[in-house]
Amino acid sequence: MQFSGGKRKRLKLAGDQRSACYPHSLQFYLQPPTENVSLIEFENLAIDRVKLLKAVENLGVSYVKGTEQYQTKLEAEIRKLKFSFRENLEDEYEPRRRDHISHFVLRLAYCQSEDLRRWFIQQEMDLLRFRFNILPKDKIQDFLRDSHLHFEAISDEEKKLRNTELIASSPSLTDPVVVDSVYKIPFADALDLFRGRKVYLEDGFAYVPLKDIVAIVLNEFRTKLSKALALTARTLPAVQSDERLQPLLNHLSHSYTGQDYSTQGSAGKISLDQIDSLCTKSFPPCMRQLHKALRDNHHLRHGGRMQYGLFLKGIGLTLEQALQFWKQEFIRGKMDPDKFDKGYSYNIRHSFGKEGKRTDYTPFSCLKIILNNPPGQGDYHGCPFRHSDPELLRQKLQSYKIPPAGINQILDLVKGTHYQVACQKYFEITHNIEDCGFSLNHPNQFFVESQRILSGGKDMKKEPFQPETPQPKPSVQKTKDASSALASLDSSLVMEMEGLEDYFSE
């Protein structure tokens with residue numbers, strides 16, 4: 001992909017050629033774009049793609065994925081941003097082209113760290129799931145072939161022969177006779193379905209119904225995209241050396257995966273005496289669980305200390321308060337004060353950016369807690385909705401005085417793997433509101449919104465985003481012309497980014 005400063009003269013293609021470029025409304029993005037793209041279009045496509053992925057994230061937290069309400073709202077967002085989403089629409093070349101180029105632009109921005117890659121992959125997977133679910137049945141086989149997925153539907157005779165086994169093995173099949181297509185897939189490609197006992201196996205092959213094939217497709221997409229991002233990260237230095245692109249990529253990668261809830265501006269706003277009462281009123285279940293374990297056992301393992309310690313830092317605990325808080329609790333567990341000073345205080349100072357690489361760490365997001373470092377025996381970190389046994393979760397919710405009807409609602413959401421929506425439902429029940437009016441994606445967001453409601457609806461001041469890892473300043477002096485061009489691009493970026501912030505706050 002080449003970049004030019006002025007307006008680009010677009011290549012005109014005949015109808016058949018346009019269809020051949022993008023035969024479907026969705027794709028695996030196996031080949032990068034090869035056409036020339038102007039810097040202005042490059043920037044606009046990148047910002048629109050971030051808006052789309054942020055909308056995918058917010059809707060996935062606010063609504064159960066796959067429901068009619070979720071589908072309708074996401075389709076409206078895609079229409080508004082002029083991206084492709086549905087087959088058989090007239091003049092789909094330009095939306096599909098925008099989708100193709102913008103995806104590869106964001107690869108450059110979101111390959112730079114594990115957290116950024118994880119967020120990008122998750123939103124792209126949810127977007128692909130939406131598009132695949134509305135793909136006409138007669139187009140699915142063509143899409144699989146074009147995506148290099150060699151999954152063939154079995155014949156009607158084979159379906160009749162295995163009808164009883166298929167019905168018994170696949171929960172998605174409710175009719176007495178299998179009508180939709182069934183795909184014969186190598187066993188190794190269907191491990192997720194096998195793990196959940198949701199597929200029929202025979203002679204090393206899994207027989208996957210049409211309704212379940214999306215799980216296989218998403219797994220393949222995740223694998224390919226993860227490898228592609230790793231390769232992109234290797235070539236990133238060459239791209240970042242282009243001073244026309246570096247400002248945009250830095251803005252995108254640092255600004256819009258959500259607020260980081262860094263401690264700046266909130267430090268010292270709470271006292272140690274307030275923590276117990278705040279825990280009951282305003283802590284999300286993951287932090288409430290960690291606080292209770294710390295009070296009961298006077299100790300937490302490393303994963304718990306990191307998750308809870310950074311959360312406390314984000315709600316306003318200073319370094320001095322944190323050292324005092326952890327030391328007092330560990331000493332109650334019969335730990336020698338000298339042992340704490342030698343073995344634990346360094347890690348606390350490190351998390352505040354006072355030791356080691358001097359990185360000022362930010363609190364963990366819901367996505368990071370759910371997907372990273374699952375708890376083992378004796379651990380208390382993680383997400384209770386994701387990592388707890390359903391019966392233990394029921395008992396925990398009962399101890400929090402959640403009414404039986406609310407518990408059933410939450411457990412139904414957990415059963416459908418809608419963990420953040422379950423936490424949002426917990427927030428609404430505990431604060432006695434019908435609709436919280438926001439998409440919950442961070443434990444510190446839970447705390448901030450809870451305090452806002454309990455204080456009579458007064459908005460707490462939100463701090464501007466600060467990147468987790470500061471960017472090194474360029475050491476090479478630029479010419480006056482380059483500096484002027486860069487300043488011009490930065491100015492336009494600031495205006496676009498301000499508009500993007502307004503978009504996300506709607």
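Hydrogens, waters and symmetry mates play no part in the numbers below; they use all other heavy atoms, side chains included. Keep in mind that this is a model prediction, so the values were computed, not measured.
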### Task
If the plane angle is over 60° it's perpendicular, under 30° parallel, otherwise tilted; pick one for Phe221 and His103.
tilted
### Tyr344 atom OH: more than 12 heavy-atom contacts under 6.0 Å
yes
### Message
Donor-acceptor check, side chain of Ser241 to backbone of Ala238, threshold 3.5 angstrom: yes or no?
### Response
yes
### Task
Using a 4.5 Å cut-off on heavy atoms from C-beta on, say whether the side chain of Asp212 contacts that of Pro209.
yes
### Check: Lys354 main-chain N/O paired with Arg358 side-chain donor or acceptor under 3.5 Å
yes
### Query
Between the main-chain N or O of Phe385 and the side-chain N or O of Ser388, is there a donor-acceptor pair closer than 3.5 Å?
no
### Task
Answer yes or no: is there a donor N or O on one side and an acceptor on the other, between the side chain of Gln289 and the main chain of Tyr380, under 3.5 Å?
yes
### Message
Using modelled atom types and a 3.5 Å cut-off, is there a donor and acceptor pairing between side-chain atoms of Asp189 and backbone atoms of Ile185?
### Response
no
### Heavy-atom side-chain proximity of Asp99 to Tyr29 below 4.5 angstrom
yes
### Query
Hey, is the main chain of Glu77 close enough, under 3.5 Å, to the side chain of Lys51 for a donor-acceptor pair?
no
#### Entry: salt_bridge(Glu68, Lys73) N-O dist < 4.0 Å
no
### Task
Could you point out which residue of Phe283, Phe364, Phe446, Tyr361 forms a ring-ring contact (aromatic ring centres under 6.0 Å, His included) with Phe311?
Phe283
### Query
Do the side chain of His100 and the main chain of Arg98 share a donor and acceptor less than 3.5 angstrom apart?
no
### Task
Please check if atom CD in Gln31 has more than 12 non-hydrogen atoms from other residues, nucleotides or ligands closer than 6.0 Å.
no
